[in-house]
**Q** 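Before anything else, here's the structure in question.
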Amino acid sequence: MPRMQGAGKALHELLLSAQRQGCLTAGVYESAKVLNVDPDNVTFCVLAADAEDEGDIALQIHFTLIQAFCCENDIDIVRVGDVQRLAAIVGAGDEAAAPGDLHCILISNPNEDAWKDPALEKLSVFCEESRSVNDWVPSITLPE
């Protein structure tokens with residue numbers, strides 16, 4: 001499924017460049033705060049949950065609220081099923097600096113004129129295509 005692989009690679013690139021630009025917010029509560037205060041600046045949302053997180057009712061409620069908010073505000077949103085893989089990318093190997101909560105990651109626009117990241121463009125198209133087949137929060141597999 002090359003479309004999915006392309007999306008995974010694009011997400012990997014986007015996370016790295018957003019982190020470099022300082023426009024990445026990690027954590028369910030931190031993300032909720034940003035969405036509440038400055039939703040217009042948020043361009044992309046990643047929800048991440050491992051199999052064992054599926055039983056975490058509080059987390060699932062947060063996910064539902066964040067998803068609804070993103071849909072309401074036209075923010076593209078995807079799901080990732082591997083929190084460890086996400087930590088490896090966003091933590092960039094620095095265990096001390098790895099944020100504790102990676103269940104939700106937001107990517108914001110660093111400046112007024114829309115930040116044209118080619119990876120973000122690819123992911124927007126991926127999300128749009130998914131919505132056209134009623135897959136509102138498509139899952140993406142990150143490359144190894």
Side-chain angles (χ1 to χ4, degrees), residues 1-51 53-54 56 59-144:
M1 188 188 249
R3 183 172 162 263
M4 177 68 87
Q5 282 168 346
K9 197 169 164 298
L11 180 58
H12 185 234
E13 288 164 17
L14 179 64
L15 289 167
L16 290 175
S17 69
Q19 195 172 31
R20 271 196 311 273
Q21 306 235 13
C23 51
L24 188 141
T25 302
V28 170
Y29 293 106
E30 290 76 5
S31 297
K33 273 187 265 185
V34 171
L35 286 169
N36 193 31
V37 175
D38 197 8
D40 295 342
N41 248 348
V42 177
T43 55
F44 200 77
C45 176
V46 181
L47 296 178
D50 292 325
D53 292 321
E54 296 304 320
D56 184 337
L59 183 64
Q60 296 307 321
I61 291 170
H62 285 302
F63 276 9
T64 303
L65 294 171
I66 290 169
Q67 284 171 1
F69 194 91
C70 287
C71 290
E72 189 76 21
N73 288 278
D74 297 320
I75 298 166
D76 287 328
I77 180 169
V78 296
R79 281 189 88 123
V80 172
D82 189 346
V83 178
Q84 292 319 111
R85 185 71 199 103
L86 208 52
I89 297 166
V90 180
D94 182 0
E95 289 311 306
D101 175 11
L102 291 174
H103 288 115
C104 183
I105 293 180
L106 296 182
I107 311 242
S108 306
N109 237 339
N111 52 16
E112 281 63 59
D113 51 282
W115 174 45
K116 288 291 173 240
D117 186 297
L120 185 60
E121 299 286 305
K122 272 187 210 141
L123 287 164
S124 288
V125 170
F126 173 82
C127 289
E128 209 172 297
E129 289 171 353
S130 299
R131 282 193 297 271
S132 71
V133 291
N134 289 329
D135 184 1
W136 297 100
V137 186
S139 287
I140 289 184
T141 304
L142 287 162
E144 284 309 312

**Q** Provide the closest heavy-atom pair for Phe63 versus Ala48 in the form atom of the first, atom of the second, distance.
**A**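 Reported closest heavy-atom pair: CZ-O, 3.4 Å.
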
**Q** Atom CD1 of Ile66 and atom NE2 of His103: how far apart are they, to the nearest 0.5 Å?
**A**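 Those atoms lie 11.0 Å apart.
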
**Q** Roughly how far apart are Asp117 CG and Glu121 CD, rounded to 0.5 Å?
**A**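 If we round to the nearest 0.5 Å, Asp117:CG and Glu121:CD are 8.0 Å apart.
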
**Q** With the side chain counted from C-beta on, respond yes when Ile107 and Leu120 share a heavy-atom pair under 4.5 Å apart, and no when they do not.
**A**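 Contact flag for Ile107/Leu120 side chains = no.
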
**Q** How close do Pro143 and Gly8 get, counting heavy atoms only, and between which atoms?
**A**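 Taking Pro143 first and Gly8 second, the nearest heavy atoms are CD-O, 3.3 Å.
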
**Q** Enter the distance from Glu144:CD to Asp82:CG here, rounded to the nearest 0.5 Å.
**A**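 It comes to 7.0 Å.
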
**Q** Indicate yes or no: does Arg85 engage Asp50 in a salt bridge with an N to O separation below 4.0 Å.
**A**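 No, this pair does not count.
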
**Q** Working to the nearest 0.5 angstrom, can you tell me the gap between Leu11 CG and Lys122 NZ?
**A**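 Answer rounded to 0.5 Å: 12.0 Å.
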
**Q** List the atom of Ala7, the atom of Phe126, and the distance in Å for their closest heavy-atom pair.
**A**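 Heavy atoms of Ala7 and Phe126 come nearest at CB-CD1, 3.6 Å.
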
**Q** List the residues meeting salt bridge (Lys or Arg N to Asp or Glu O under 4.0 Å) with Lys9, not counting sequence neighbours, and say none if there are none.
**A**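 For Lys9 the salt bridge (Lys or Arg N to Asp or Glu O under 4.0 Å) partners, ignoring immediate neighbours, are Glu13.
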
**Q** Can you check whether His62 reaches Gln67 side chain to side chain, under 4.5 Å on heavy atoms?
**A**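 They are not in contact (no side-chain heavy atoms under 4.5 Å apart), so the answer is no.
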
**Q** If we ignore hydrogens and angles and just use 3.5 Å, is the side chain of Asn73 paired with the main-chain N or O of Phe69 as donor and acceptor?
**A**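 A pair under 3.5 Å: yes.
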
**Q** Quick check for you: to the nearest 0.5 Å, what is the distance between His12 atom NE2 and Leu15 atom CG?
**A**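 Result: 7.5 Å between the selected atoms.
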
**Q** Is a donor on one side and an acceptor on the other found under 3.5 Å between the side chain of Asp101 and the backbone of Val28?
**A**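 Yes, Asp101 side chain to Val28 backbone: donor-acceptor pair under 3.5 Å.
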
**Q** Once you round to the nearest 0.5 Å, how far does CG of Asp74 lie from OG of Ser124?
**A**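 Result: 11.0 Å between the selected atoms.
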
**Q** Is there a side-chain contact between Val80 and Leu142 (heavy atoms, below 4.5 Å)?
**A**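 Answer yes - side chains close enough.
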
**Q** Quick one: does Val42's side chain get under 4.5 Å of Leu35's, heavy atoms only?
**A**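 The answer is yes; the side chains approach within 4.5 Å.
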
**Q** So do the side chains of Leu106 and Leu24 get within less than 4.5 Å of each other, counting heavy atoms only?
**A**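 Side chain of Leu106 against side chain of Leu24, heavy atoms only: no contact under 4.5 Å found.
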
**Q** Are side-chain heavy atoms of Cys45 and Cys104 found at a separation under 4.5 Å?
**A**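 Side chain of Cys45 against side chain of Cys104, heavy atoms only: contact under 4.5 Å found.
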
**Q** Testing Ile105, Ile75, Leu123, Ile77 one by one against Phe44 for a side-chain contact (heavy atoms from CB on, under 4.5 Å), which residue passes?
**A**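 Looking at Ile105, Ile75, Leu123, Ile77, the match for Phe44 under the side-chain contact (heavy atoms from CB on, under 4.5 Å) is Leu123.
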
**Q** Indicate the atoms forming the closest heavy-atom contact of Ser31 with Ala26, along with that distance.
**A**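 Minimum heavy-atom contact is OG-C, 4.4 Å.
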
